[in-house]
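So the structure is just underneath, and the comments pick up after that.
Just so you know, these numbers use all the heavy atoms, side chains as well, and skip hydrogens, waters and symmetry mates. As the structure is a prediction and not an experimental result, all values here were calculated from the model. The sequence lines fix the lettering, A, B, ..., with proteins before strands; numbering per chain opens at 1.
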There are 2 protein chains.
Amino acid sequence: MLSYTEENYLKSIYHLSEGGTKAVLTNEIAASLNTKAATVTDMIKKLSSKELIEYEKYYGVNITKKGKQLALSIVRKHRLWETFLVQKLNFQWDQVHEVAEQLEHIHSSLLIEKLDEFLGHPTADPHGHPIPDKNGRIKQEKQVVLKDALINKTLYVCAVRNGSPSFLQYLSKIGVQIGAKVLVTERIEFDGSLEVSIKDNNPQLISREAAENILVKE
Amino acid sequence: MLSYTEENYLKSIYHLSEGGTKAVLTNEIAASLNTKAATVTDMIKKLSSKELIEYEKYYGVNITKKGKQLALSIVRKHRLWETFLVQKLNFQWDQVHEVAEQLEHIHSSLLIEKLDEFLGHPTADPHGHPIPDKNGRIKQEKQVVLKDALINKTLYVCAVRNGSPSFLQYLSKIGVQIGAKVLVTERIEFDGSLEVSIKDNNPQLISREAAENILVKE
DNA sequence: ATAAAAGTTTAGATTAGTCTAAAAAATAAT
DNA sequence: ATTATTTTTTAGACTAATCTAAACTTTTAT
């Protein structure tokens with residue numbers, strides 16, 4: 001069984017590794033947990049010896065399958081508790097995080113399964129984040145290729161199909177990153193290009209080819 | 001703010017001091033927390049320096065007003081959570097204690113007030129133990145002088161009016177202690193003495209004078 | 001390509017909570 | 001009332017989590 005502190009490090013590493021494919025760096029973890037790099041190095045060794053992460057000196061860490069499962073169970077608890085606080089106890093969405101940070105460390109699988117049932121097996125928390133099921137599976141949001149997105153519907157970038165440097169550089173340039181808000185304002189029939197507002201900025205044109213390689217969700 | 005461990009020591013001292021008037025001894029605390037006397041001595045000094053208990057070497061500890069308020073707030077949380085687990089999540093009464101031992105240490109006054117409201121401000125937990133209100137006040141069970149108790153009604157000793165050694169020695173002899181089950185089987189009109197079964201033992205006579213000094217509740 | 005800067009790890013200390021063993025005090029027994 | 005027993009405290013050590021400062025790698029810049 002992990003300690004409160006070990007759970008927090010594992011969760012942090014999980015979140016930092018989400019989306020990205022690169023190893024998570026010591027300083028990133030230190031920053032996210034408001035602690036010092038030296039402290040992180042010690043904890044990294046500990047989690048590594050428990051085979052929850054893979055660690056190579058100076059190069060950062062990657063989470064293992066076992067570590068990911070554990071991290072997901074903590075995320076599940078956090079999001080179920082947030083849902084409980086908002087839906088049953090009438091908390092405001094901005095009041096729940098701190099309390100859920102504590103509640104997520106309660107150890108009782110019976111409790112969490114009964115809570116899940118009490119809440120009607122929700123699949124997303126009040127912030128819209130997906131709640132992993134008891135096996136750690138996250139209900140995949142239906143992703144849509146930006147090219148096929150409805151006009152004037154607020155959407156969020158969740159993935160790219162093409163990982164080539166040139167494409168990624170282009171995306172950075174126009175402000176597209178994972179999680180960015182996008183709105184298709186017009187579809188040009190002639191060449192399939194789109195007029196898109198990114199992060200509420202002025203609409204700009206992007207090519208059909210680019211729009212075929214960006215995935216969005218609600 | 002107290003640590004998880006400090007809270008557990010304080011709660012234990014509170015429970016051990018309940019009912020009794022004597023100081024709580026080091027070994028009693030050690031036994032109730034499954035720890036060693038030496039460890040208890042250290043923690044006693046710490047709680048004493050925070051003015052939550054009064055400590056005199058070799059003589060044991062007494063809880064202060066401030067300590068009692070804090071202990072009551074932990075008891076309140078424990079019992080509200082137990083009530084939640086049974087009433088809302090359908091736990092069996094024997095499944096709740098361990099989980100409530102964890103939940104009682106969550107720090108959030110907003111959470112506990114909203115939970116209290118959600119549960120309809122209950123005054124007793126599933127075991128029948130009273131739930132202190134937010135000011136630490138416990139709804140006083142109606143106590144009855146044993147002399148006036150109904151015949152053949154199961155009752156429990158909750159206090160004595162007279163603390164003299166001779167009376168207490170007498171009570172010990174006949175098996176009466178705080179919490180003991182008692183049943184008045186007959187009231188002798190002639191001298192006001194009672195025939196009483198204590199802890200399901202054979203009924204025995206006790207004097208009117210004794211019966212006037214024993215308090216019972218349901 | 002070498003020097004400077006940035007990031008990471010090691011070394012050594014600190015605090016909270018715990019333990020065992022020995023010393024000290026209180027209680028019980030002869 | 002002196003000795004024996006029990007209880008409590010002190011002393012010293014250990015683990016987990018943390019820190020600062022120094023040493024070591026890697027990356028960046030000239």
Side-chain angles (χ1 to χ4, degrees), chain A residues 1-13 16-17 20 22-63 67 70-71 74 101-102 104-105 107 165 169, chain B residues 1-13 16-17 20 22-63 67 70-71 74 101-102 104-105 107 165 168-169 172:
Chain A
M1 179 124 38
L2 297 190
S3 71
Y4 189 103
T5 310
E6 289 171 323
E7 288 192 347
N8 278 335
Y9 274 85
L10 188 61
K11 185 168 61 106
S12 172
I13 292 166
L16 289 168
S17 65
K22 300 183 297 297
V24 177
L25 304 176
T26 302
N27 267 356
E28 292 174 342
I29 300 169
S32 89
L33 291 171
N34 268 301
T35 184
K36 295 295 149 74
T39 312
V40 173
T41 300
D42 286 344
M43 184 55 82
I44 277 174
K45 288 177 185 166
K46 198 170 170 192
L47 293 178
S48 185
S49 79
K50 294 189 176 187
E51 300 185 327
L52 300 172
I53 57 178
E54 275 165 2
Y55 167 52
E56 199 171 346
K57 261 192 192 176
Y58 294 103
Y59 284 90
V61 303
N62 284 291
I63 200 159
L70 249 166
I74 301 166
E101 286 286 301
Q102 296 179 60
E104 73 188 6
H105 300 291
H107 290 288
Q169 279 161 28
Chain B
M1 179 126 37
L2 296 190
S3 72
Y4 189 103
T5 309
E6 290 171 322
E7 289 192 347
N8 277 336
Y9 274 84
L10 188 62
K11 184 169 62 110
S12 172
I13 291 166
L16 290 168
S17 67
K22 299 184 299 294
V24 178
L25 304 177
T26 302
N27 266 356
E28 292 175 342
I29 299 168
S32 88
L33 291 171
N34 270 300
T35 184
K36 296 295 151 72
T39 312
V40 173
T41 300
D42 286 345
M43 184 56 82
I44 277 175
K45 287 177 185 164
K46 200 170 169 193
L47 294 178
S48 185
S49 80
K50 293 189 175 186
E51 300 186 325
L52 300 172
I53 57 177
E54 275 165 4
Y55 167 51
E56 198 170 345
K57 262 192 188 178
Y58 293 103
Y59 283 91
V61 303
N62 284 291
I63 198 160
L70 249 166
I74 302 166
E101 286 286 301
Q102 295 179 63
E104 73 188 6
H105 300 291
H107 291 287
L168 295 177
Q169 278 161 30
S172 297

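In this structure, CD of B:Glu28 is placed 14 Å from C1' of D:dT6, rounded to the nearest angstrom. Taking atom CG of residue A:Leu2 and atom P of nucleotide D:dA16, one finds them 13 Å apart after rounding to whole Å. Going from atom CG of B:Leu47 over to atom P of C:dA16 covers 13 Å, rounded to whole Å. A straight line from CG of B:Leu33 to P of C:dC19 spans 10 Å, rounded to a whole angstrom. Computed from coordinates, the B:Glu56 CD to D:dT8 C1' distance equals 14 Å when rounded to whole Å. Counting to the nearest Å, the C1' atom of C:dT18 and the CD1 atom of B:Ile44 are 15 Å from each other. Atom CE of B:Met43 and atom P of D:dT9 are 15 Å apart (whole Å). The distance between atom OH of A:Tyr4 and atom C1' of D:dT18, rounded to the nearest whole Å, is 16 Å.
Atoms CG and CD1, from B:Leu52 and B:Ile44 in turn, are 12.5 Å apart once rounded to the nearest 0.5 Å. With rounding to the nearest 0.5 Å, the separation of NZ in B:Lys11 from CG in B:Leu33 is 8.5 Å. Taken from NZ in A:Lys57 to NZ in A:Lys45, the straight-line distance is 6.5 Å, to the nearest 0.5 Å. Annotation: the span from B:Lys22 atom NZ to B:Leu16 atom CG amounts to 11.0 Å, rounded to 0.5 Å. Put simply, CE on B:Met43 and CD1 on B:Ile29 are 10.5 Å apart, with the number rounded to the nearest 0.5 Å. Expressed to the nearest 0.5 Å, how far CD of B:Glu7 lies from CG of B:Leu70 amounts to 7.5 Å.
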Which protein N or O atoms sit under 3.5 Å from an N or O of nucleotides 19-21 of chain D?
residue	atom	partner	partner atom	Å
D:dC19	OP2	A:Thr35	OG1	2.8
D:dC19	OP2	A:Lys36	N	3.3
D:dC19	OP2	A:Thr39	OG1	2.5
D:dT20	OP2	A:Lys36	NZ	3.2

Pairwise N/O distances under 3.5 Å, protein to nucleotides 22-27 of chain D:
residue	atom	partner	partner atom	Å
D:dT25	O4'	A:Tyr58	OH	3.4

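Neither OP1 nor OP2 of C:dA6 sits under 4.0 Å from any side-chain N or O of A:Asn27. Contact annotation: A:Thr26 side-chain N/O to C:dT9 OP1/OP2 distance is under 4.0 Å.
At the heavy-atom level, A:Tyr55 lies under 4.0 Å from the strands shown only through sugar-phosphate atoms.
Side-chain atoms of A:Leu47 and A:Val61, non-hydrogen and from C-beta on, never get closer than 4.5 Å to each other.
Screening B:Leu2, B:Thr5, B:Asn8 against B:His105 for a side-chain contact (heavy atoms from CB on, under 4.5 Å) leaves a single residue, B:Asn8.
Counting non-hydrogen atoms of other residues, nucleotides and ligands closer than 6.0 Å to CD of B:Glu101 gives a total above 12.
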